Asker: 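Here it is: the structure, laid out below.
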Amino acid sequence: MFEIEYEFREQDLIHFNELQFAKNDEIQHNIKKNRIVVPGVIFLIGFFYYFYYNDVQTTAYVLVIALLWALLSPKIMMLDLHRQILKSYTPKEKNDMFGKYTLTIDPSNPKYLLEKSPSGKNKMAWNELLRVEYGKRYVYLYLNLTTALVIPVETVSKGNLEEFAEQAEKMIERFGG
């Protein structure tokens, strides 16, 4: 029997959503556009001030604003994303989501991954799981293209995560996930 116990936290949810946004081409395109087009327009306004009014000081201020926008807007957008992610869940949903999880691969019940979480006990059929992915500090068990069980390596308190993940991969392959 393979079993791991870990804690899922707010920062892990935010990390997973950031990962999903980083993979989304449309969102990445909008961030690049926001980082280039808006400062470009501000930059043009600065040059207008310089050439039309010959105002070096105002031009310098405007160019600094353009530079700050280009550097800081992605970070501000990510902070807003964090706020939106956490705001999209009710306190009850957060209670049911964050806390200790236990995942079990039981040979006596080989068709299911058993999960014990703050929301209760669940069974997930292996044929419904897509894949296992490894990150720098996380292991992801994908339930569908946008949803996964996010296992933070640093919070695993019981069991061997590597062995568990390898066995989970074998079970997904075996049952056709």
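When reading the values below, keep in mind they use all heavy atoms of this one structure, side chains included, and skip hydrogens, waters and symmetry mates. The shown structure was predicted, so the numbers you read here are calculated from the model rather than taken from an experiment.
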Asker: In chain order, what residues pass the side-chain hydrogen bond (donor to acceptor under 3.5 Å, both in side chains) check against Thr59, with sequence neighbours excluded?
Answerer: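 With neighbours one apart ignored, the set is empty.
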Asker: For Ser157, check side chain to side chain contact (heavy atoms under 4.5 Å, CB included) against everything at least two apart and list the hits.
Answerer: Glu5, Lys100
Asker: For Leu114 and Lys123: C-alpha separation, side-chain torsions, deciding distance, then whether side-chain contact (heavy atoms from CB on, under 4.5 Å) applies.
Answerer: CA-CA 5 Å; Leu114 306 175; Lys123 283 183 177 179; 3.7 Å; yes
Asker: Tell me whether Val153 is reachable from Tyr140 by hopping between hydrophobic residues (I, L, V, M, F, W, Y) whose side-chain heavy atoms are closer than 4.5 Å.
Answerer: yes
Asker: Do Leu113 and Leu141 have side chains that get closer than 4.5 Å, going by heavy atoms?
Answerer: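 Yes. Closest side-chain heavy atoms under 4.5 Å.
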Asker: Rounded at 0.5 Å granularity, tell me how far CG in Asn122 sits from CG in Leu149.
Answerer: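 These two atoms lie 9.5 Å from each other.
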Asker: Is it possible for you to say whether Met97 and Leu103 belong to one hydrophobic cluster, with membership spreading through side-chain heavy-atom contacts below 4.5 Å?
Answerer: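 Yes, same cluster.
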Asker: What heavy-atom pair brings Asn34 and Pro39 nearest, and what distance separates the two atoms?
Answerer: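 Heavy atoms of Asn34 and Pro39 come nearest at O-CD, 3.4 Å.
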Asker: Is the count of non-hydrogen atoms from other residues, nucleotides or ligands lying under 6.0 Å from Phe2 atom CZ greater than 12?
Answerer: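 Enclosed.
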Asker: Under a single-linkage definition using a 4.5 Å side-chain heavy-atom cutoff for Ile, Leu, Val, Met, Phe, Trp and Tyr, are Met1 and Met171 assigned to the same hydrophobic cluster?
Answerer: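 Shared cluster, no.
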Asker: Closest approach of Pro110 and Ser108, non-hydrogen atoms and distance?
Answerer: CD-C, 3.6 Å
Asker: Shared ILVMFWY cluster between Phe16 and Phe21, side chains joined below 4.5 angstrom?
Answerer: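 In one cluster with Phe16: Phe21, yes.
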Asker: Return the OG1 to CD distance between Thr155 and Gln11, rounded to the nearest 0.5 Å.
Answerer: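 Nearest 0.5 Å value for the OG1-CD distance: 9.0 Å.
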Asker: Would you say the side-chain atoms of Thr147 pair up with the backbone N or O of Asn144, donor to acceptor, closer than 3.5 Å?
Answerer: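 No; zero donor-acceptor contacts below 3.5 Å.
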Asker: So do Arg35 and Pro74 actually touch side chain to side chain, heavy atoms under 4.5 Å?
Answerer: yes
Asker: With a 4.5 Å limit on heavy-atom distance, are the side chains of Glu3 and Thr102 in contact?
Answerer: yes
Asker: What are the two closest heavy atoms between Pro118 and Asp96, and how far apart are they?
Answerer: CB-O, 3.7 Å
Asker: Going by side-chain hydrogen bond (donor to acceptor under 3.5 Å, both in side chains), name the residues that satisfy it together with Gln28, two or more places apart in sequence or in a different chain.
Answerer: none
Asker: Using the test side chain to side chain contact (heavy atoms under 4.5 Å, CB included), find all partners of Lys87 that sit at least two apart in sequence or belong to another chain.
Answerer: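 With sequence neighbours excluded, Lys87 shows a side chain to side chain contact (heavy atoms under 4.5 Å, CB included) to Arg83, given in chain and number order.
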Asker: Thr58: what forms a side-chain hydrogen bond (donor to acceptor under 3.5 Å, both in side chains) with it, not counting sequence neighbours?
Answerer: Asp55
Asker: Would you check if Lys116 and Thr104 make a side-chain contact, meaning some heavy-atom pair closer than 4.5 Å?
Answerer: no
Asker: State the NZ-CG distance between Lys75 and Leu81, to the nearest 0.5 angstrom.
Answerer: 14.0 Å
Asker: Sorted by first residue and then second, give each salt bridge (Lys or Arg N to Asp or Glu O under 4.0 Å) pair with at least one member in residues 6-23; sequence neighbours left out.
Answerer: Arg9-Asp12, Arg9-Glu154, Lys23-Glu133
Asker: For a quick test of reading the model, state the closest non-hydrogen atom pair linking Glu162 to Asn160 and the distance between them.
Answerer: N-OD1, 3.0 Å
Asker: Any carboxylate oxygen within less than 4.0 angstrom of a Lys/Arg side-chain nitrogen, looking at Lys121 and Glu115?
Answerer: no
Asker: Output all residues satisfying salt bridge (Lys or Arg N to Asp or Glu O under 4.0 Å) with Glu26, sequence neighbours left out; order by chain, then residue number.
Answerer: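 Glu26 satisfies salt bridge (Lys or Arg N to Asp or Glu O under 4.0 Å) with no other residue.
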Asker: Flag yes if more than 12 heavy atoms outside Gln84 fall under 6.0 Å of its CD atom; otherwise flag no.
Answerer: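 Check passes, neighbour count above 12.
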Asker: Taking the side chain as every heavy atom from C-beta outward, state whether Ile42 and Val62 have any atom pair closer than 4.5 Å.
Answerer: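 Of all side-chain heavy-atom pairs linking Val62 with Ile42, at least one is under 4.5 Å.
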Asker: Tell me the closest heavy-atom pair linking Ile151 and Val156, and the distance in Å.
Answerer: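 Answer, listing the atom of Ile151 first, then Val156: CG2-CG2, 4.0 Å.
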Asker: Would you list the pairs meeting ring-ring contact (aromatic ring centres under 6.0 Å, His included) in which at least one residue belongs to residues 74-110, sequence neighbours left out?
Answerer: Tyr6-Tyr101, Phe8-Phe98
Asker: Carefully, step by step, assess Leu143 and Met124 under the rule side-chain contact (heavy atoms from CB on, under 4.5 Å).
Answerer: CA-CA 9 Å; Leu143 308 173; Met124 290 174 262; 3.6 Å; yes
Asker: I need the Asn24 CG to Asn30 CG distance, nearest 0.5 Å.
Answerer: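 Interatomic distance, Asn24 CG to Asn30 CG, rounded to 0.5 Å: 9.0 Å.
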Asker: Before giving the answer on side-chain contact (heavy atoms from CB on, under 4.5 Å), spell out for Lys94 and Leu13 the whole-Å C-alpha distance, their side-chain angles and the decisive distance to 0.1 Å.
Answerer: CA-CA 10 Å; Lys94 288 179 184 177; Leu13 174 68; over 6 Å; no
Asker: Once rounded to the nearest 0.5 Å, what's the spacing between atom NE2 of His15 and atom CG of Asn17?
Answerer: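 Reported to 0.5 Å precision, the distance equals 10.0 Å.
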Asker: Before giving the answer on side-chain contact (heavy atoms from CB on, under 4.5 Å), spell out for Val38 and Ser73 the whole-Å C-alpha distance, their side-chain angles and the decisive distance to 0.1 Å.
Answerer: CA-CA 10 Å; Val38 174; Ser73 68; over 6 Å; no
Asker: Look at the aromatic rings of Tyr53 and Phe48 and report parallel, tilted or perpendicular, splitting at 30° and 60°.
Answerer: perpendicular
Asker: Honestly curious: do Val150 and Met78 fall in one hydrophobic cluster under the side-chain, below-4.5 Å linking rule?
Answerer: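 Result: yes, single cluster for both.
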Asker: By side chain to side chain contact (heavy atoms under 4.5 Å, CB included), which residues pair with Asp25, not counting sequence neighbours?
Answerer: none
Asker: For the residue pair Tyr134 and Glu169, confirm or rule out a side-chain donor-acceptor distance under 3.5 Å.
Answerer: yes
Asker: Under the ring-ring contact (aromatic ring centres under 6.0 Å, His included) rule, collect the residues that match up with Phe164, sequence neighbours excluded.
Answerer: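 Per chain and number, Phe164 pairs via ring-ring contact (aromatic ring centres under 6.0 Å, His included) with no residue.
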Asker: Supply the members, apart from Phe47, of the Ile/Leu/Val/Met/Phe/Trp/Tyr cluster built from side-chain contacts under 4.5 Å; use none for a lone residue.
Answerer: Phe43, Tyr50, Phe51, Val56, Leu63
Asker: Which pair of non-hydrogen atoms, one from Val132 and one from Val139, has the smallest distance, and what is that distance?
Answerer: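 Closest heavy-atom pair between Val132 and Val139: CG1-CG1, 3.9 Å.
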Asker: I'd like to check the side-chain hydrogen bond (donor to acceptor under 3.5 Å, both in side chains) partners of Tyr112; sequence neighbours left out, ordered by chain and number.
Answerer: none
Asker: Nearest 0.5 angstrom please: Ile85 CD1 to Gln20 CD, how far?
Answerer: 10.0 Å
